[in-house]
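One structure below.
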Amino acid sequence: MVARLKAHGLLGELAAEFAGTFILIAIGVGVVAQVVAGGIGSHDSIAWAWGFGVILGIYVAGKVTGGHLNPAVTFANAVFSGFPWRKVLPYSLAQTAGAFAAALVVRWNYTEVIARFDPGHTVKSQGIFSTLPGNGSLTAGVSEWGAFRDQIIGTALLLFLVYAVTDSRNTAPIGNLAPVVVGFIVVAIGMAWGTDAGYAINPARDFGPRLASYFTGYGSAFRDQYGDLYFWVPIVAPLIGAVLGAWLYKVLVGRFLPAVEPELAGTPSAEPTLESAADR
């Protein structure tokens with residue numbers, strides 16, 4: 001099976017990352033549209049749905065690529081886990097394209113609801129598609145640099161925990177349950193770290209939908225509620241945070257774990273998702 005999948009080469013991998021990220025964003029941005037513009041649900045709905053989106057997206061792409069769905073994950077895997085550098089940009093573009101396409105579908109489907117909620121397509125509904133400091137609040141007092149800090153911390157937590165639960169030398173989930181646990185990690189981060197910057201923790205998740213909103217009526221999509229150029233924050237900060245989180249796992253935990261026993265190599269429980277990120 002693995003040999004047949006590898007025979008499709010990079011094109012198959014990019015298609016899988018596109019499809020997996022599409023599912024992630026269709027569910028994640030969709031739930032935000034439903035809560036913010038439709039008035040159905042709450043913050044907990046958003047946190048749980050993003051987690052479900054991660055779970056389902058990884059299951060879609062997992063057998064082909066491991067289910068990165070996030071340029072920050074791909075970048076950290078290249079730095080620490082032997083992922084080929086030549087694939088980093090293609091993977092990131094495929095992930096961003098999947099996010100862009102999914103956001104267009106959400107924008108189209110929620111056209112009437114968004115138009116009623118925010119006829120001018122302003123920052124009031126921009127948060128449906130992309131993140132903002134303080135979730136777009138002028139009274140929250142969160143600057144772009146505060147959001148930058150937040151995104152470093154949030155993505156570091158994500159990668160630290162992803163490496164922990166996908167390391168076959170550690171207490172990795174058995175069978176193919178790793179995507180479920182990774183989804184729970186995203187739920188936890190959403191419930192604890194969503195105030196300052198909306199927990200993008202994924203450059204494709206933010207930039208793809210931001211671009212889609214820009215092309216569909218949100219002229220100020222690249223700026224925040226203060227008028228400052230903001231789009232770069234959820235791109236650069238997660239890349240820094242991802243490397244920091246993966247490095248901390250390696251230093252604090254990974255280097256103290258024993259090597260995988262030979263008889264376990266190749267078994268499902270010894271093949272964690274995300275390109276066996278932690279134990280390479």
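Since this is a predicted model, take the numbers as computed values, not measurements.
- Of all non-hydrogen atoms in Tyr218 and Thr122, the two that sit nearest each other are CE2-O, 3.6 Å.
- Val142 and Ile153 are assigned to two separate hydrophobic clusters, defined by single-linkage of ILVMFWY side chains at heavy-atom distances under 4.5 Å.
- Judged purely by atom type and a 3.5 angstrom limit, Arg255 uses its side chain to pair as donor or acceptor with the backbone of Val251.
- Ring pair Tyr249/Phe80: centre-to-centre distance not below 6.0 Å.
- Ring-centre distance between Phe222 and Tyr214: below the 6.0 Å cut-off.
- The side-chain heavy atoms of Tyr163 and Asn77, taken from C-beta on, include a pair separated by under 4.5 Å.
- Using a 4.5 Å cut-off on side-chain heavy atoms (C-beta onward), Ile46 and Tyr199 make contact.
- Contact record, Val106 with Ala26: CG2-O, 3.9 Å, taken as the closest heavy-atom pair.
- Counting only heavy atoms from C-beta outward, the side chains of Val180 and Tyr59 approach each other to under 4.5 Å.
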When you look at Thr21 and Gln95, which way does the side chain to side chain donor-acceptor pair (under 3.5 Å) test go after all the steps?
CA-CA 6 Å; Thr21 311; Gln95 293 153 359; 5.5 Å; no
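- Looking at Gln225, its side chain does come within 3.5 Å of a backbone N or O of Ser137 through a donor-acceptor pair.
- Of all non-hydrogen atoms in Gly12 and Val64, the two that sit nearest each other are O-CG1, 3.7 Å.
- A distance below 6.0 Å separates the ring centres of Trp85 and Phe75.
- Looking only at distances, a side-chain donor or acceptor of Arg210 sits under 3.5 Å from a matching main-chain atom of Ala221.
- Exactly one residue among Val36, Asp118, Ile114 makes a side chain to side chain contact (heavy atoms under 4.5 Å, CB included) with Lys124. That residue is Asp118.
- Between Tyr226 and Leu138 there is a side-chain heavy-atom pair separated by less than 4.5 Å.
- Put simply, CG on Leu14 and NZ on Lys87 are 8.5 Å apart, with the number rounded to the nearest 0.5 Å.
- Hydrophobic cluster membership is shared by Leu157 and Ile185, with clusters built from Ile, Leu, Val, Met, Phe, Trp and Tyr side chains linked at under 4.5 angstrom.
- With 3.5 Å as the limit, one finds no donor-acceptor pair spanning the side chains of Thr65 and Glu13.
- Ring geometry for Trp48 against Phe184 counts as perpendicular: the plane angle is over 60°, on a 0 to 90° scale with 30° as the lower cut.
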Between Trp50 and Val187, is a side chain to side chain contact (heavy atoms under 4.5 Å, CB included) present by the stated rule, with each step listed?
CA-CA 7 Å; Trp50 274 108; Val187 173; over 6 Å; no
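- Hydrophobic clustering (ILVMFWY, side-chain heavy atoms < 4.5 Å, transitive): Ile27 and Val29 are in distinct clusters.
- Put simply, the side chain of Ser220 never gets that close to the backbone of Arg223: no donor and acceptor are under 3.5 Å apart.
- To the nearest 0.5 angstrom, Ile235 atom CD1 is 6.0 Å from Phe231 atom CZ.
- In terms of heavy-atom proximity, Leu132 sits nearest to Asp224 at CD2-CA, 3.7 Å.
- In this structure, Val236 is not a member of the same hydrophobic cluster as Leu93, with clusters built from ILVMFWY side-chain heavy atoms closer than 4.5 Å.
- Proximity of Pro173 to Val181: side-chain heavy atoms (C-beta onward) are separated by under 4.5 Å at one or more points.
- Side-chain polar atoms of Asn70 and Tyr91 form no donor-acceptor pair below 3.5 angstrom.
- Note that NE2 of His68 is 5.0 Å distant from OG1 of Thr74, once rounded to the nearest 0.5 Å.
- A donor-acceptor pair under 3.5 Å is absent between the side-chain atoms of Asn202 and the main chain of Ala72, judged by distance alone.
- The CZ atom of Phe129 sits 12.5 Å away from atom CG of Leu211, with the distance rounded to the nearest 0.5 Å.
- Both Val162 and Val253 are members of a single hydrophobic cluster when ILVMFWY side chains are connected at heavy-atom separations under 4.5 Å.
- Separation of atoms CD1 (Ile55) and CG (Leu24) is listed at 11.0 Å; rounding is to 0.5 Å.
- Aromatic rings of Phe148 and Trp232 (six-membered ring for Trp) have centroids within the 6.0 Å cut-off, being under it.
- Between the side chains of Thr131 and Gln151, no donor-acceptor pair is found at a separation under 3.5 Å.
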Working note: Phe100 + Phe215, criterion side chain to side chain contact (heavy atoms under 4.5 Å, CB included); need CA distance, chi angles, decisive distance, verdict.
CA-CA 10 Å; Phe100 175 78; Phe215 285 125; 4.0 Å; yes
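- Atom CD1 of Ile201 sits about 4.5 Å away from atom CD1 of Ile189, to the nearest 0.5 Å.
- No donor-acceptor distance shorter than 3.5 angstrom exists from the side chain of His121 to the backbone of Gln126, with no hydrogens or angles considered.
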Starting from the C-alpha separation in whole Å, work towards a yes-or-no answer on side chain to side chain contact (heavy atoms under 4.5 Å, CB included) for Val105 and Phe22.
CA-CA 10 Å; Val105 172; Phe22 182 98; 4.0 Å; yes
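- At a threshold of 4.5 Å between non-hydrogen side-chain atoms, the residues Val182 and Val54 count as touching.
- Between the side chains of Ser130 and Asp206, no donor-acceptor pair is found at a separation under 3.5 Å.
- Shown here for Ser45 and Gly41, the closest heavy-atom pair between the two residues is OG-CA, 3.5 Å.
- Under the 3.5 Å distance criterion, the side-chain polar atoms of Asn135 are matched with a main-chain donor or acceptor of Gly194.
- Smallest separation of non-hydrogen atoms from Arg169 and Pro258: CD-O, 3.0 Å.
- With hydrogens and angles ignored, the 3.5 Å screen pairs no side-chain donor or acceptor of Arg205 with any backbone N or O of Ala99.
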Please step through side chain to side chain contact (heavy atoms under 4.5 Å, CB included) for the pair Val35 and Ile40, ending with a clear verdict.
CA-CA 5 Å; Val35 171; Ile40 300 173; over 6 Å; no
